[in-house]
S.K.: 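Take this structure, written in structure tokens, and hold onto it; I'll ask about it next.
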Amino acid sequence: MSAISVSAAKPLLPFLSPITAALTPLAEPMVRVATGLLLLPHGAQKLFGWFGGYGLAATGQFFSTKLGLPASLALIGGLIEFVGGLMLAAGLVTRPVAALIAGMMAVAVIQVHLPAGFFWTSGGFEYPLLWGLLALSFVVRGGGRYSLDALIGREF
């Protein structure tokens, strides 16, 4: 049994084929950069109190009193989201950073958001699950051609 190639499929709108062909190499880097940059403000909220966040001390207290988690996880989570998000966006040490993000999101889903149900608007797990799966895809795929890993010629 042979696998069907996506490129073998006839386009629904053939006149868009040149645009699709030109943009296809940019699709994965766009997702990597967006994933990293959209995680970054969440880390800034935890670490610095930016974007309506509470900063490290208050976030640590929240983790401890409301979530039953060690307050030190506020620092670790903030660093993974802020520094890790920046590194993921740049494609630097992509696989290990993405693994940290995926692991942190798995903890967030199981320890924090699962009891609230699925929908993010109710504090549910859909948002951290999405970011965890996106990060996991970069654990598998790496930073790709348009990453700092590729520029330095070293993939970790």
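All residue numbers refer to positions in the sequence shown, counting from 1. Fair warning: this is a prediction, and the values are worked out from it, not measured in the lab.
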S.K.: Verify the cluster assignment for Phe118 and Val109: are they in a single hydrophobic cluster under the rule of side-chain heavy atoms below 4.5 Å apart?
M.R.: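 Phe118 clusters together with Val109.
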S.K.: Please identify each residue that fulfils ring-ring contact (aromatic ring centres under 6.0 Å, His included) with Trp50, with sequence neighbours left out.
M.R.: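 Residues passing ring-ring contact (aromatic ring centres under 6.0 Å, His included) with Trp50: Phe48.
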S.K.: Looking only at heavy atoms, which two atoms of Pro29 and Pro25 are closest? And how far apart?
M.R.: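 Where Pro29 meets Pro25 most closely, the heavy atoms are CD-O, 3.3 Å.
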S.K.: Report yes or no: do Met30 and Leu151 belong to one cluster of Ile/Leu/Val/Met/Phe/Trp/Tyr joined by side chain heavy-atom distances under 4.5 Å?
M.R.: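 No, separate clusters.
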S.K.: Taking all heavy atoms of Thr35 and all of Phe138, pick out the closest pair and write down the distance.
M.R.: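 In this case the closest contact between Thr35 and Phe138 is OG1-CE1, 4.5 Å.
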S.K.: Would you give the length of the straight line joining atom OG of Ser147 to atom CD of Glu28, rounded to the nearest 0.5 angstrom?
M.R.: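 Taking OG in Ser147 and CD in Glu28, the distance rounds to 9.5 Å.
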S.K.: Nearest 0.5 Å please: distance from the CE atom of Met87 over to the CD1 atom of Ile80.
M.R.: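 Met87 CE to Ile80 CD1: 11.5 Å, rounded to 0.5 Å.
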S.K.: Got a list of side-chain donor-acceptor pairs under 3.5 Å for residues 90-107, not counting sequence neighbours?
M.R.:
from	atom 1	to	atom 2	distance (Å)
Thr94	OG1	Gly91	O	3.1
Thr94	OG1	Asp149	OD2	2.8
Arg95	NE	Glu155	OE2	2.7
Arg95	NH1	Val139	O	2.8
Arg95	NH1	Val140	O	2.7
Arg95	NH2	Glu155	OE2	2.8

S.K.: Hydrophobic clusters here meaning ILVMFWY residues chained together by side-chain heavy-atom distances under 4.5 Å, can you tell me if Leu37 and Leu133 are in one?
M.R.: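 Looking at the clustering, Leu133 is in a separate group from Leu37.
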S.K.: Starting from Val83, can I reach Phe51 by hopping between I/L/V/M/F/W/Y residues whose side chains sit under 4.5 Å apart?
M.R.: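 In one cluster with Phe51: Val83, yes.
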S.K.: Report, one line per pair, each donor and acceptor closer than 3.5 Å where one atom sits in a side chain of residues 56-65; sequence neighbours left out.
M.R.:
from	atom 1	to	atom 2	distance (Å)
Thr59	OG1	Gly55	O	2.6
Thr65	OG1	Gln61	O	2.9

S.K.: Could you give the distance from CG (Leu129) to CG (Leu134), rounded to the nearest 0.5 Å?
M.R.: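 With rounding to 0.5 Å, CG (Leu129) is 9.5 Å from CG (Leu134).
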S.K.: For Ala116 versus Ser122, what's the shortest heavy-atom pair and its separation?
M.R.: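 Taking Ala116 first and Ser122 second, the nearest heavy atoms are CB-O, 3.5 Å.
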S.K.: Give me the ring orientation class for His42 and Tyr127: parallel if the planes are under 30° apart, tilted from 30 to 60°, perpendicular past 60°.
M.R.: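 Judged by the thresholds at 30° and 60°, the geometry between His42 and Tyr127 is tilted.
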S.K.: Cluster question for you: counting only ILVMFWY and a side-chain heavy-atom cut-off of under 4.5 Å, with indirect links fine, are Leu130 and Val112 together?
M.R.: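 Same cluster: Leu130 reaches Val112 through Ile, Leu, Val, Met, Phe, Trp or Tyr contacts under 4.5 Å.
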S.K.: Considering all heavy atoms of both residues, which atom of Trp120 and which atom of Gly124 are nearest to each other, and what is their separation?
M.R.: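 So the two residues come closest at CE3-O, 3.3 Å.
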S.K.: Enter the distance from Leu39:CG to Leu86:CG here, rounded to the nearest 0.5 Å.
M.R.: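 It is 11.5 Å, given to the nearest 0.5 Å.
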S.K.: Under the criterion side chain to side chain contact (heavy atoms under 4.5 Å, CB included), I'd like the reasoning laid out for Trp131 against Leu38: C-alpha separation, chi angles, the key distance, then a yes or no.
M.R.: CA-CA 9 Å; Trp131 295 124; Leu38 289 171; 3.6 Å; yes
